[in-house]
Amino acid sequence: MMETEQIIEKYKEFQDANNGFEELMIFSEKGDLLFSLDPNYITEIEAKSLMEAWLTKQSAVVIGEVRYPILSHEILQFAARNVKGQGALVGTKTKKDNYVVAHLNAISRFPPTIAAINLNRWAWNLL
C-alpha cells in the first residue's frame with residue numbers, strides 16, 4: 001500500500017473531482033483498520049463490525065452511534081445510507097485485496113451506489 005501522505009494527496013484530488021466524499025478508511029478483509037484520514041472516526045470494534053456486516057450481508061452497520069441500513073453488499077459496490085440524513089457509507093474492494101470505505105455527506109449529488117462505483121474506479125489500482 002502507498003504511503004500515508006500519498007493516499008491523502010490522491011484522495012484530495014479525488015474529493016475535488018467528486019464533491020461530497022469525506023472520511024476515507026482502508027481495511028483488511030478481517031476488519032483491521034489499515035488507514036483512516038481521521039483516526040477518531042471509527043473504532044477498531046466498529047471497523048470489524050463494518051467488515052462483518054458487509055461480507056456477511058447484514059441489514060445495517062453502526063458507526064459512531066449512527067445506523068446505516070445497507071443497500072448493496074456487493075464486494076465491488078458496498079452502499080449504506082442513514083435514513084435520518086447523516087450521509088452514507090460507500091465501499092469497494094481493491095485489486096490488492098484491501099477494502100476502501102468512504103463517508104459521503106448528506107448533500108452529495110451522488111446516490112450511494114453510484115458513489116461506490118466512483119470510489120472503485122479511483123481505488124482499484126491505487127490502493
Side-chain angles (χ1 to χ4, degrees):
M1 192 166 68
M2 65 175 38
E3 297 294 322
T4 298
E5 295 80 22
Q6 292 174 304
I7 295 171
I8 293 169
E9 179 183 326
K10 295 288 186 186
Y11 189 62
K12 175 82 173 103
E13 292 170 8
F14 175 76
Q15 286 176 301
D16 290 344
N18 296 274
N19 189 22
F21 281 83
E22 295 180 340
E23 178 60 36
L24 177 73
M25 299 156 282
I26 304 170
F27 304 96
S28 71
E29 187 172 356
K30 294 179 182 177
D32 298 320
L33 185 61
L34 306 175
F35 172 83
S36 179
L37 277 178
D38 177 359
N40 297 316
Y41 182 80
I42 191 168
T43 67
E44 289 182 32
I45 293 169
E46 290 171 334
K48 290 190 184 309
S49 174
L50 170 61
M51 288 307 303
E52 182 180 346
W54 182 353
L55 298 176
T56 63
K57 301 185 189 280
Q58 295 177 15
S59 62
V61 63
V62 176
I63 306 294
E65 299 182 16
V66 178
R67 185 174 185 273
Y68 297 90
I70 299 173
L71 308 169
S72 173
H73 296 90
E74 300 301 319
I75 294 297
L76 297 178
Q77 187 183 42
F78 172 80
R81 179 186 293 258
N82 176 266
V83 296
K84 295 184 179 178
Q86 295 182 325
L89 297 173
V90 297
T92 189
K93 185 176 180 180
T94 70
K95 191 175 184 177
K96 296 176 184 170
D97 289 330
N98 292 316
Y99 289 78
V100 179
V101 176
H103 181 263
L104 195 64
N105 68 32
I107 58 171
S108 172
R109 63 183 171 98
F110 298 109
T113 52
I114 300 300
I117 293 169
N118 291 347
L119 185 64
N120 173 267
R121 288 178 180 157
W122 173 75
W124 179 253
N125 287 314
L126 192 63
L127 304 172

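Quick note: residue numbers are just sequence positions, from 1.
Taking CZ of Arg81 as the reference point, atom OH of Tyr68 lies at 11.0 Å (rounded to 0.5 Å). Between atom CD of residue Gln6 and atom CG of residue Leu126 there is a gap of 8.5 Å, rounded to the nearest 0.5 Å. Distance OH/Tyr99 to CD1/Ile75: 4.5 Å, rounded to 0.5 Å. Of the inter-residue distances, the one linking Leu119 atom CG with Phe14 atom CZ reads 5.0 Å to the nearest 0.5 angstrom. One finds the CD atom of Glu74 at 11.5 Å from the OG1 atom of Thr113 (value rounded to the nearest 0.5 Å). In this structure, the separation between CG on Leu37 and CE on Met25 is 9.0 Å, given to the nearest 0.5 Å.
Under the 4.5 Å side-chain criterion, counting only non-hydrogen atoms from C-beta, Lys12 is not in contact with Ile8. For the pair Leu127 and Phe35, the minimum side-chain heavy-atom distance is 4.5 Å or more. Residues Glu44 and Leu33 have side chains not in contact (no heavy-atom distance under 4.5 Å, counting atoms from C-beta outward). The shortest side-chain heavy-atom distance between Phe21 and Leu104 falls under the 4.5 Å cut-off. Side-chain atoms of Phe78 and Asn120, non-hydrogen and from C-beta on, never get closer than 4.5 Å to each other. When side chains are defined from C-beta on, Thr92 does not count as touching Gln77, because their heavy atoms never get closer than 4.5 Å.
Hydrophobic clustering (side-chain heavy atoms under 4.5 Å, transitive across Ile, Leu, Val, Met, Phe, Trp, Tyr) groups Val90 together with Tyr11. No continuous path of hydrophobic side-chain contacts links Trp124 to Leu34 [ILVMFWY only; heavy atoms under 4.5 Å]. Residues Ile114 and Leu71 do not share a hydrophobic cluster, clusters being chains of Ile/Leu/Val/Met/Phe/Trp/Tyr side chains in contact below 4.5 Å.
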Please tabulate, one pair per line, all N/O donor-acceptor pairs under 3.5 Å involving side-chain atoms of residues 56-64, not counting sequence neighbours.
residue	atom	partner	partner atom	Å
Thr56	OG1	Glu52	O	2.5
Thr56	OG1	Gln58	NE2	3.2
Gln58	NE2	Glu52	OE2	3.4

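For the side-chain contact (heavy atoms from CB on, under 4.5 Å) with Phe27, the lone residue among Leu50, Val100, Asn98 that qualifies is Leu50.
Residues passing the side chain to side chain donor-acceptor pair (under 3.5 Å) test with Asn18, sequence neighbours excluded: none.
The environment of NZ in Lys48 is crowded: more than 12 heavy-atom neighbours from other residues, nucleotides or ligands sit within 6.0 Å. Within 6.0 Å of atom CD in Glu13, more than 12 heavy atoms from other residues, nucleotides or ligands are found, so the atom counts as buried in its surroundings. The environment of Asp38 atom CG is dense: over 12 non-hydrogen atoms of other residues, nucleotides or ligands sit within 6.0 angstrom.
Counting only distance, with no hydrogens or angles, the side chain of Thr94 and the backbone of Ala123 share no donor-acceptor pair below 3.5 Å. Listed for the Asn82 side chain is no donor-acceptor partner under 3.5 Å among the backbone atoms of Ala88.
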Margin query: Please determine whether side-chain contact (heavy atoms from CB on, under 4.5 Å) holds for the pair Val101 and Ile42, giving the CA-CA distance in whole Å, both sets of side-chain angles, and the decisive distance to 0.1 Å.
Written below: CA-CA 11 Å; Val101 176; Ile42 191 168; over 6 Å; no
Check: Does the side-chain contact (heavy atoms from CB on, under 4.5 Å) test come out yes or no for Leu55 and Glu29, once each step is laid out?
Finding: CA-CA 9 Å; Leu55 298 176; Glu29 187 172 356; 3.6 Å; yes
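The heavy-atom pair separating Pro69 from Val83 by the smallest distance is CG-CG1, 4.3 Å. Contact detail for Gln15 and Glu22: the closest heavy-atom pair is NE2-O, 3.4 Å. Considering every non-hydrogen atom in both Tyr41 and His103, the closest pair reads OH-CD2, 3.1 Å.
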